[in-house]
Structures are given as structure tokens and as C-alpha cells.
Amino acid sequence: MNFSSKLIEEAVDAFSSLPSVGKKTALRLVLHLIKREPEVSTQFAEAIINLRKNIKNCQICHNFSDEEVCVICKDKRRDRSIICVVEGIRDVMAIEDTGHYKGLYHILGGVISPIEGVGPNELNITTLQHRLEDGQIREIIMALSPTIEGDTTIFYISKQLEGLDIKISTIARGVSFGGELEYADELTLGRSIISRIPYRRD
Amino acid sequence: MQLNRLILTNFKNYEFEQLNFHSGLNCIVGMNGMGKTNLLDAIYYACMGKSYFGINDRDIVRHETDFFRLEAHFERLEKAESIVVKVMPRKKKVLERNDLPYAKISEHVGLLPVVIIVPDDTLIATEGSEVRRRFLDNTLSQIDQQYLKTLLKYNHILKQRNAALKQFGEHRKADPALLKIYNDQLLEPGETLHQKRAAFIAEFGPELAKTYLIISGEKEKVSCKYQSALTDQKFGDLLSAAQEKDLILQRTTIGPHRDDLNFQIQGRALKRFASQGQLKSFILSLKLAQYSVLKMKKKMAPILLLDDIFDKLDNERIKHLIQLLIKGDFGQIFITDTHKDRVSEIVTQSGADNQQFFIESGTVQSIQ
């Protein structure tokens, strides 16, 4: 791409350094900003600077947070006897959106995958153990991806927690809502049959 | 099952080529380096979703172009099946069955059973255990979709375990708890692989011995034994026992990924005691036994691809072999030969219905 302006070129380079933004998209964004009032760009830039300067990790659950402790951990109305263990903040948002969970979270920061250079020490497992020390937690829900790495992580954590009087559960795996049986893959369907649940008449 | 039509675009040395095949015998003749093997590999690719020779998709693309396309029209159990493979730069390869792309290429394996015999297959007998496991896995994957899934799962966990062992070595600190978890995760797929392999060889061994007697016309006995550490001991115990060794060598030293097949002729190791001719007959028998077992299990005749099998055989043996192929219960067969008149003469003499093709530098001519 040939730019008539060095300024535009620099801005395009900056935008296109972001994931899933190509040169053409970057140029469109830049031209859009030029067209709008200067304040729009200032606000945009300030939002980014503010974010980077002030974003913190919650000291308790490791979720991204504006304060030392995040709003979920602070919230007195939430059930403090249950922790949902997830990989990252996007999982927290997805589960929050369901409106079906009122407990606390713990963000691991990934799953165990030595191929990617991630061992148990790279994850927030020790802090999870510390959170269980005062005996207030009764249950841990493992909400990790149903992959081999997810399984490894669940096994590993449950081994670390052996001996504690805490219920460990995993989210159910099986046929999705609105999905038709004949389109479910064999592995999922097979698992769903093996881990079938009693039918409740109420 | 048969392949009716094949359309190649930028596949190896084929720029654009459309071919219509005979439902029985197809003879493909041409000089060395003209593209006979590439044509067979294209058919194999359509059946298995990858090259038999382990060639990278990028290297299959014709010189100085950047994509290839392969379109194959099959008839399977009286239904038309069209398979399309598209490999483009910077995109994931696409494999479509009747216009629907597969989510995973591995799901395609087994739909269109195929057996290929190439001159280098003698390596199955002479090389290390890896080539024999590949033969075993290739056959079982075509028979049993679940086997392939288990194999992929096993290999994935194994890779993670080996990466973990390597990390322990780099950090000079092992995490026995993590290792134990990988051991536990390997157990189920590992034992399943072992059971399925053992059950398969129990059936395959006698079939191989039978086929060898027919091929060689001699009275020698051949056998094929499955060798696995899991036969005598529990996989879990083996993994625990090998833990120290694994930590030192930084890889998993025991398990189904170390299995082997032991080929014998007259009770002696084939590798060391077979003559060139016996070796060739053995490999041919191995592949034809693979054909019989596949045919029985899949309840349809696989496609048979024979690359240059007449090489180094005298005319009498070639005649014997062609008679065997024509009289045998085979479906569609593809044979390549460098000798233009040799095959056509023998085939015409035998009276078998066939179609002949002449290949020159990536262009194909049907011969009437």
C-alpha cells in the first residue's frame, strides 16, 4: 500500500498490528477517525491509555478488574461457598450471561499443555488452594473446555485437592439444546448415554 | 465400489486432466517420470485424504502454481459419491463429500477402502517398527473409525506427556503428580489400541499365510506375530515401572507406540533370511491379505492400486500374477507399467475387459 501521508501510514500500521485486523480494515478505521471530530479520536486514545494504565488482576480470583478486588468477589449477595474454575475472562462473561450462576470464580489463565509451554506452575492453582484453606468453600465447579488438555487440568487440580472436604463437579457434557440427536457426533452422543441422568418427574 | 471419473488440477505434474476409468482393469503405461505414480497417489488421496508417500500438500501443488484441486467421482454401494480436495495458500485444506466439507479430514478415512502396492513397500519388512505400525494403523483405521479416533487421542496425550517430560528435564524438576495424570489418561486409549490390534492380527495372520501360499506357489510358511509390551503386563504397571527411565530419556519409552509386527518365513526372521523374490512375494501377500480383510469387513471391494509391480519379474511370473488378479475376486484395479506392449499383450491374451492409458509428461491418452 502506498500512502500519501506518513501520519496515516503510522496509524494504519498501529491498527493492523491488532489481531484479525488487516491493512485494508485498518485504513478504513483510520479514515473514519479522520472524518469524525478530533474529540472522538482523543476519547478513543484516552480509553486505551486508561485501560492499559489502570487494569488490574483481582487479587482473589485473577479476573481483570478496575480495583484490587473485582466486583464479583466484592459482591456480598453472591454465594461464597462455591467457586467456578475457568480458563479466562471470556468464560466468566459467558457464564455470567446465562444468569444461572451466583457463586464466585477462579481464573486459571489457561489449561495444562506442556506443548505450549504451560505447566501447572504457569496456572493460578496455588492461589486456588489458598482460597480453600478457611473451609468456607463447599463446592468447586470445573468449567473447562472438553479437550484432552481440559481433562488433564481437571484431573490435576482434583488430585491437588484430595483430602479436602469439598465437592468437585464438572459442567455436564452432551447433546446441546435445540440440537437434533441424529446430528450429534458419535463421541458426544456416546458420552451422553454413558453419563445419562435420572429423569425428574416434576 | 469404483472410481468412474477423476479430474486433476495442478496435482503434481498434471496441469489439468480429466480421466474416465473402467470398472475393472485399468492399465496405465508410460516412461519413467511421466506421472504414473502421481496418478495412483491422486486416487489414494481421494480415498484417504492424504498422500500415500507422506508428501506435504504444499509439495503436491504443481511447480510454479499455488493451489491444487482433486475431484473424484465414485460409485459406492450403488450410490454416487463425489469427493473434492482443495488446497489453497494460507487456507486450511478442504475435503468435501458430496459438496459438504468434513470438519475433520480423519472422518473421511474408511468411506472408500483402498489398498496400494508400490515398489518401496519392501521397506515394511526391512525398516524399523514405525513402517509396520503405519501399515497396521492404516488398515485398522479404514476398518474402524473408532480405532482412528482412539489413535489420534492416544498420540495427542503422548505428545503432551513427552513435552512435559522434556520440560521437567529443562527445569531439572519433575512433577510426579502431572506425570501420573498423563499415565492415567493414556491407559484407556492405549489398552483399546492394544486390544484392537491383537484382535486384528489374530484374523490377519492366517489370511496372510494363505495368500502367501497362493502367490508364491510354494510350500513355505509365513507368519505374522503381534509384539507388544501390553500383551503380558498391564499398561499402568508398565508406565509406572518405566517412569525413571522416561524421566532420564525425556520421552515415553513404553506403550502401543512401540508395538511391532514380527514377520517370519519358515519360522525364521523374514528380514534376515528371505531372498529378494521371497521378500517381494511376501509384501504382495501382505497387501493382498489387507485387501481381503478390508473387503470382508467393509462388505465392498476396495480399490486396488498397483504401482510398477512387474518390475524385475520375468514374463512367466507377470502372466501368473495377472491371471491371479483377473481370476481373483477383485473389484476395480489400476496397474502401472513402463513397458507399453508388455501389459497390453498379456492382458489382451487373457481376454479380460480393460481400459489402457498412455501417459506422457502429465497428459493422458486413452488407448482404444
Side-chain angles (χ1 to χ4, degrees), chain A residues 16 19-24 85 108 110-126 128-129 142 144-164 168 170 173 176 179-180 182-195, chain B residues 90-91 100-111 141 144-190 192 236 239 246-247 250-252:
Chain A
S16 62
S20 64
V21 180
K23 286 265 182 213
K24 281 190 178 146
V85 176
L108 286 179
V111 282
I112 299 174
S113 176
I115 294 172
E116 314 282 336
V118 182
N121 294 334
E122 275 70 37
L123 303 177
N124 301 316
I125 295 175
T126 344
L128 176 65
Q129 286 172 293
M142 300 284 191
L144 302 178
S145 308
T147 57
I148 286 166
E149 288 73 23
D151 281 345
T152 306
T153 312
I154 293 172
F155 286 145
Y156 187 86
I157 294 176
S158 54
K159 271 274 183 300
Q160 300 298 306
L161 304 184
E162 241 168 24
L164 293 175
I168 298 176
T170 67
R173 297 167 178 189
S176 59
E180 286 181 42
E182 59 172 319
Y183 294 119
D185 68 290
E186 280 167 50
L187 187 73
T188 307
L189 196 53
R191 274 235 208 179
S192 307
I193 302 256
I194 291 166
S195 57
Chain B
R90 290 177 299 279
K91 278 197 184 140
L100 283 176
Y102 283 101
K104 284 183 188 144
I105 306 287
S106 61
E107 288 168 16
H108 179 58
V109 176
L111 180 78
S141 300
D144 181 354
Q145 190 41 239
Q146 220 52 47
Y147 177 87
L148 181 55
K149 276 190 181 150
T150 311
L151 181 67
L152 292 172
K153 186 177 175 189
Y154 179 86
N155 286 339
H156 189 119
I157 302 167
L158 186 68
K159 231 164 113 185
Q160 288 286 19
R161 188 181 192 269
N162 287 339
L165 285 166
K166 203 150 231 133
Q167 269 186 6
F168 297 162
E170 277 161 17
H171 298 152
R172 294 173 190 284
K173 188 171 172 286
D175 183 345
L178 183 59
L179 210 52
K180 177 82 178 60
I181 281 148
Y182 283 128
N183 291 357
D184 290 346
Q185 279 183 296
L186 279 176
L187 287 188
E188 189 241 350
T192 307
L239 281 168
D246 287 0
L247 283 167
Q250 298 179 17
R251 60 187 159 79
T252 307

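Throughout, protein chains are lettered first and strands after them, A, B, ... in sequence-line order, and every chain is numbered starting at 1.
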For this session: Not counting sequence neighbours, list each pair that qualifies as a side chain to side chain donor-acceptor pair (under 3.5 Å) and has a residue in residues 147-157 of chain A.
Result: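 Every side chain to side chain donor-acceptor pair (under 3.5 Å) pair that includes a residue of residues 147-157 of chain A, provided the two are not neighbours, is A:Glu149-B:His156, A:Glu149-B:Gln160, A:Asp151-A:Arg173, A:Thr152-B:Gln185, A:Tyr156-B:Asp175.
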For this session: Would you check if B:Phe168 and B:Leu179 make a side-chain contact, meaning some heavy-atom pair closer than 4.5 Å?
Result: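 In contact.
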Problem set entry | Within-4.5 Å side-chain heavy-atom neighbours: B:Lys159 and A:Ile148 |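 A side-chain contact under 4.5 Å is absent here.
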For this session: Using modelled atom types only, decide if a donor and an acceptor are shared between the side chain of B:Asn183 and the backbone of B:Gly236 within a distance under 3.5 Å.
Result: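 It does not hold such a pair.
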Exercise. Is it the backbone or the side chain of B:Gln146 that comes under 4.5 Å from a heavy atom of chain A, or both, or neither?
Worked result: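 Just the side chain, heavy atoms under 4.5 Å.
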Problem set entry | Region of B:Lys166 in contact with chain A, defined by heavy-atom distances below 4.5 Å |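 Neither part.
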Exercise. Chain B heavy atoms under 4.5 Å from A:Gln160: which part of the residue, side chain, backbone, both or neither?
Worked result: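 Only the side chain of A:Gln160 comes within 4.5 Å of chain B.
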For this session: List the atom of A:Ile157, the atom of A:Val85, and the distance in Å for their closest heavy-atom pair.
Result: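 Scanning both residues completely, I find the closest heavy atoms to be CD1-CG1, 4.5 Å.
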Exercise. For chain B, which of A:Asn121, A:Ile112, A:Ile115 has the most heavy-atom pairs under 4.5 Å?
Worked result: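 Answer, by heavy-atom pair count under 4.5 Å with chain B: A:Ile115.
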Problem set entry | Most chain A-contacting option - heavy-atom pairs closer than 4.5 Å, from B:Asn162, B:Leu178, B:Asp184 |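 Of B:Asn162, B:Leu178, B:Asp184, B:Leu178 has the most heavy-atom pairs under 4.5 Å with chain A.
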